[in-house]
Amino acid sequence: MNNFKLRSINMLDIKQMIAEILEEKISSLSSEDIYNMLEYPPDDKMGDVALPCFKLSRILRKSPVQIAEELVNEIPANPRIEKVEAVSGYLNFFLDKVSFIEDVLSTVLKEQDRYGASNIGKGKNIVIDYSAPNIAKPFHIGHLRSTAIGNSLYKIFKFLGYNPVGVNHLGDWGTQFGKLIVAYKEWGSKEAIENGGIKELMAIYVKFHEEAEKDPSLEDQAREWFVKMEKGDPEALELWQWFKDISLKEFNKVYDLLDITFDSYAGESFYEDKMPAVIEELKEKNLLTESEGALIVDLEEYNMPPCLIVKKDGSTLYATRDIAAAIYRKNTYDFEKCIYVTGAAQSLHFNQWFKVIELMGYDWHDQLIHVPFGIVSLGGEKLATRTGKVVLLEDILDQAINKTLEIINQKNPNLENKEEVARQMGVGAVIFSDLSNNRIKDVSFSWEEMLNFDGETGPYVQYTHARACSLLRRAEKEVDPNFDAKLLSTYEEFKVVKTLYLFPDKIMAAMKELEPSIITRYLVDLAQDFNRFYHEHPILVEDDTLRNARLALVSAVRDTLKNGLQLIGLSAPERV
RNA sequence: GCGUCUGUAGCUCAGUGGAUAGAGCGUUGGACUCCGACUCCAAAGGCCGCAGGUUCAAAUCCUGUCAGACGCACCA
């Protein structure tokens with residue numbers, strides 16, 4: 001037939017089915033054109049799939065109303081279509097509910113934890129660079145965004161058959177270590193740092209910035225220390241390693257709580273010995289210019305400020321390391337895409353060095369993708385380590401977990417595994433909240449919202465999943481896959497099935513747009529549809545066949561919720 | 001000054017150029033002798049920042065404008 005089946009990974013592509021029917025009747029258009037014109041009506045009462053005929057109007061030189069009315073009579077009877085209606089220029093298809101429900105539920109029951117999965121990415125490597133906290137700075141709510149988004153993209157690519165490589169590009173190199181060394185020597189003490197950890201490191205870092213306002217020579221000292229680091233000075237490197245060890249210990253505590261891992265922790269320092277070759281290559285390719293004592297790549301032609309490669313004191317910069325890292329990753333992983341999850345504030349930086357890669361003649365420059373996200377503010381003020389204005393992620397997670405534990409103690413005090421479930425839900429609430437909005441939007445952190453678990457929240461979806469699990473436990477019998485779809489005849493049941501049907505498409509959209517929030521919002525929709533059904537209709541009824549049919553629906557919802565939660569990095573506890 | 005992003009219900013936000021712009025929170029009023037009330041139902045609440053333009057059709061595309069955020073050489 002046609003070779004464009006891959007536009008959807010959905011095994012039951014209803015648009016495809018309808019496009020093929022219409023192709024026979026609209027000779028001037030391919031089934032692909034028709035497919036792209038089809039849409040889902042805004043209201044179920046209007047139908048399940050619609051063809052707006054306005055565009056056809058010009059081609060067929062008839063009014064849209066006329067086209068719809070003519071087509072409606074030409075559609076042959078089809079067991080999967082209940083009826084077709086022409087309404088003011090729209091051709092509306094109503095699916096045969098019984099066969100649709102049967103198709104969708106059978107698919108989910110068969111696929112289970114693979115429902116929505118695919119192998120379209122087979123053999124393709126995707127490097128995802130996320131989290132990347134700075135050594136010696138605390139892990140705060142702002143860092144969570146990169147971590148949560150990157151982790152979710154990792155799971156999404158994996159579910160679609162790709163081979164993702166999660167890289168934690170630790171901020172473990174750069175001038176801030178010079179500042180830290182100066183600060184440590186001026187105001188720090190070994191004991192205080194060993195006891196206080198990152199908090200103490202941050203304190204002396206903040207003090208450095210306060211003092212540097214009065215005494216700018218401190219900045220010069222800091223730069224000197226960084227130059228020493230790059231030259232391999234033993235004292236500088238020993239302090240650096242010490243700061244790094246302390247920081248990593250605390251970061252790993254947070255990653256354990258979040259249940260997030262990485263395939264590589266190659267940070268900025270890893271590229272230290274790879275930069276000279278890059279600088280050499282840039283010189284050979286005649287891209288470097290000297291300007292005010294520094295070496296730059298001029299990008300005026302591309303309407304961008306120059307990209308700094310080497311400072312006047314001979315040390316390197318962020319861009320230098322990113323270029324070296326990109327080349328290293330291409331050689332090491334042969335990626336199809338290399339994705340950088342960082343704040344939108346860095347957009348120019350990425351555009352600049354992506355252009356440098358292009359100018360170097362690498363045809364894979366367009367495989368480098370910046371995935372920006374908005375900033376987190378606190379009561380209207382930007383979070384900044386330098387001023388000490390931060391909300392520590394660990395504090396947020398602790399509070400969310402404690403609150404969950406309180407609720408469990410109140411409502412379900414005999415729950416086994418209380419502590420672990422409280423962790424899963426508390427952490428879930430925080431991650432879910434972070435992945436709820438389009439990533440580009442700025443977010444204003446609010447304790448009140450973060451700790452409110454009602455409505456569109458992680459605990460709501462997790463609770464719904466646990467409720468479905470509870471029903472299946474109480475049933476005390478496996479769901480018979482030969483359920484009778486005819487018995488699922490109510491609107492609420494059909495609505496749940498329609499939403500289940502959309503899951504694979506949502507995963508595809510989330511991957512294409514690199515936007516985990518598509519899945520987060522989908523889960524809320526599915527949970528809402530399911531809860532409405534749950535309230536309207538008893539499930540554990542006497543009638544065995546009806547009971548089995550409804551449990552088949554419950555089972556499909558449970559699996560889909562679980563798969564979706566997994567894709568955004570949340571656990572799906574069976575009892576809460 | 002230049003550039004990028006964002007303006008949708010009181011608040012936080014959805015909304016692939018198509019039909020009557022949707023959720024949640026909050027407010028008000030309802031539903032637990034009933035499968036788990038972290039649930040559900042209902043009501044109120046909108047010149048989709050503003051002005052032009054393109055189109056049969058614009059919250060969505062284009063231009064301008066206003067407001068906010070971010071960025072613009074030795075920080076990352």
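Atom set for the values below is all heavy atoms of this structure, side chains included, hydrogens, waters and symmetry mates excluded. Each chain gets a letter, A, B and so on, in the order its sequence line appears, and its residues count up from 1.
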Nearest-neighbour nucleotide for the A/S470 side chain, B/C56, B/A76, B/G36 considered: B/G36
Nearest listed nucleotide, side chain of A/Y463, among B/G24, B/A76, B/G36: B/G36
Under 3.5 Å: donor-acceptor pair, side chain of A/E268, backbone of A/R321: no
5' precedence on RNA chain B between A/D525 and A/S88 (nearest-nucleotide basis): A/S88
Sugar-phosphate, base or nothing in reach of A/V524, heavy atoms under 4.0 Å: nothing
Any-strand Watson-Crick or G-U partner of B/U54, both distances under 3.5 Å: none
Sugar-phosphate, base or nothing in reach of A/Q528, heavy atoms under 4.0 Å: sugar-phosphate
salt_bridge(A/E211, A/K207) N-O dist < 4.0 Å: yes
Presence of salt bridge, A/E574 and A/R558, under 4.0 angstrom: no
Gap in Å between the two P atoms, one belonging to B/C13 and one to B/A9, rounded: 11 Å
A/R521 vs B/G22: side-chain N/O to OP1/OP2 distance below 4.0 Å: no
Out of B/C13, B/C40, B/C35, whichever nucleotide has its closest atom nearest the side chain of A/V443: B/C13
Side chain of A/L348 (C-beta onward), nearest among B/C72, B/A76, B/U12: B/C72
Length of the line joining A/K55:NZ and B/U16:C1', which is rounded to integer Å: 11 Å
Between B/G7 and B/U12 - P atom distance, rounded Å: 12 Å
Sugar-phosphate only, base, or nothing, as touched by A/L317 at under 4.0 Å among non-hydrogen atoms: sugar-phosphate
Note: A/R423-A/E420 ion pair, threshold 4.0 Å (strictly below): yes
Mate of B/G46 where both pairing distances stay under 3.5 Å, Watson-Crick or G-U: none
Sugar-phosphate, base or nothing in reach of A/G171, heavy atoms under 4.0 Å: nothing
d(OH, A/Y522; C1', B/G15) in whole Å: 18 Å
Sugar-phosphate, base or nothing in reach of A/A50, heavy atoms under 4.0 Å: base
Sugar-phosphate, base or nothing in reach of A/P42, heavy atoms under 4.0 Å: base
d(CZ, A/F350; P, B/C72) in whole Å: 14 Å
Short side-chain N/O contact from A/K441 to OP1 or OP2 of B/A69, under 4.0 Å: no
Distance-only donor-acceptor test (3.5 Å): side chain A/D298, base B/A73: no
Euclidean distance for C1', B/G22 against B/A59 (whole angstrom): 12 Å
Complementary nucleotide for B/C5 - Watson-Crick or wobble, under 3.5 Å: B/G68
Sugar-phosphate only, base, or nothing, as touched by A/S291 at under 4.0 Å among non-hydrogen atoms: base
Gap between atoms CD and C1', on A/Q346 and B/A73 respectively (whole Å): 16 Å
Sugar-phosphate only, base, or nothing, as touched by A/H537 at under 4.0 Å among non-hydrogen atoms: base
Pairwise C1' distance, B/G24 and B/G17 [rounded to whole Å]: 27 Å
Distance, nearest 0.5 Å, that separates CD1 of A/I34 from CD1 of A/I18: 11.5 Å
Separation of atom CD in A/E456 from atom P in B/G15, rounded to whole Å: 12 Å
Per A/N452 side chain, nearest of listed nucleotides B/G26, B/A76, B/C70: B/G26
Sugar-phosphate only, base, or nothing, as touched by A/N351 at under 4.0 Å among non-hydrogen atoms: nothing
Rounded distance (Å) that lies between atom P of B/U54 and atom CZ of A/F54: 20 Å
Check: A/Y501 side chain, A/I14 main-chain N or O, donor-acceptor pair, under 3.5 Å: yes
Check ion pair A/E230-A/K228 (N to O, under 4.0 angstrom): no
Whole-angstrom distance between B/G15 and B/U8, as gauged at atom P: 14 Å
G-U wobble or Watson-Crick pairing nucleotide for B/G26 (cut-off 3.5 Å, both distances): none
A/R223 side-chain N/O to B/C75 phosphate OP1/OP2 under 4.0 Å: yes
Phosphate OP1/OP2 of B/G36: any A/R575 side-chain N/O under 4.0 Å: no
A/R467 vs B/U39: side-chain N/O to OP1/OP2 distance below 4.0 Å: no
A/N437 side-chain N/O to B/C13 phosphate OP1/OP2 under 4.0 Å: yes
A/K15 with A/D505: basic N within carboxylate O range, under 4.0 Å: no
Side-chain N,O (A/R550) to OP1/OP2 (B/C35) below 4.0 Å: no
Atom P, compared across B/C47 and B/G10: separation rounded to whole Å: 7 Å
Phosphate contact (B/C13 OP1 or OP2) by A/N438 side-chain N/O below 4.0 Å: no
Sugar-phosphate only, base, or nothing, as touched by A/P41 at under 4.0 Å among non-hydrogen atoms: base
Length of the CG-P vector between A/L51 and B/A57, whole Å: 19 Å
Closest-nucleotide ordering on RNA chain B, the 5'-leading residue of A/N92 and A/A344: A/N92
Pair A/D48 + A/K498: basic N to acidic O under 4.0 Å: yes
Minimum-distance nucleotide (side-chain atoms of A/I539 versus B/A76, B/A23, B/C35): B/C35
Rounded distance in Å between the C1' positions of B/C40 and B/C34: 14 Å
A/E39 side-chain proximity, nearest of B/U12, B/A19, B/G36: B/A19
Touch class at under 4.0 angstrom, heavy-atom based, for A/I440 against every strand present: sugar-phosphate
Counterpart base for B/C34, defined by Watson-Crick or G-U wobble contacts under 3.5 Å: none
A/D529 CG - B/A23 C1' separation (whole Å): 12 Å
Base paired to B/U20 (Watson-Crick or G-U; both N/O distances under 3.5 angstrom): none
Residue-phosphate contact under 4.0 Å: A/S347 side-chain N/O, B/U4 OP1/OP2: no
Under-4.0 Å salt bridge between A/D43 and A/K45: yes
P gap between B/U16 and B/A73, integer Å: 36 Å
N/O (side chain, A/Y460) to phosphate O (OP1/OP2, B/C40) under 4.0 Å: yes
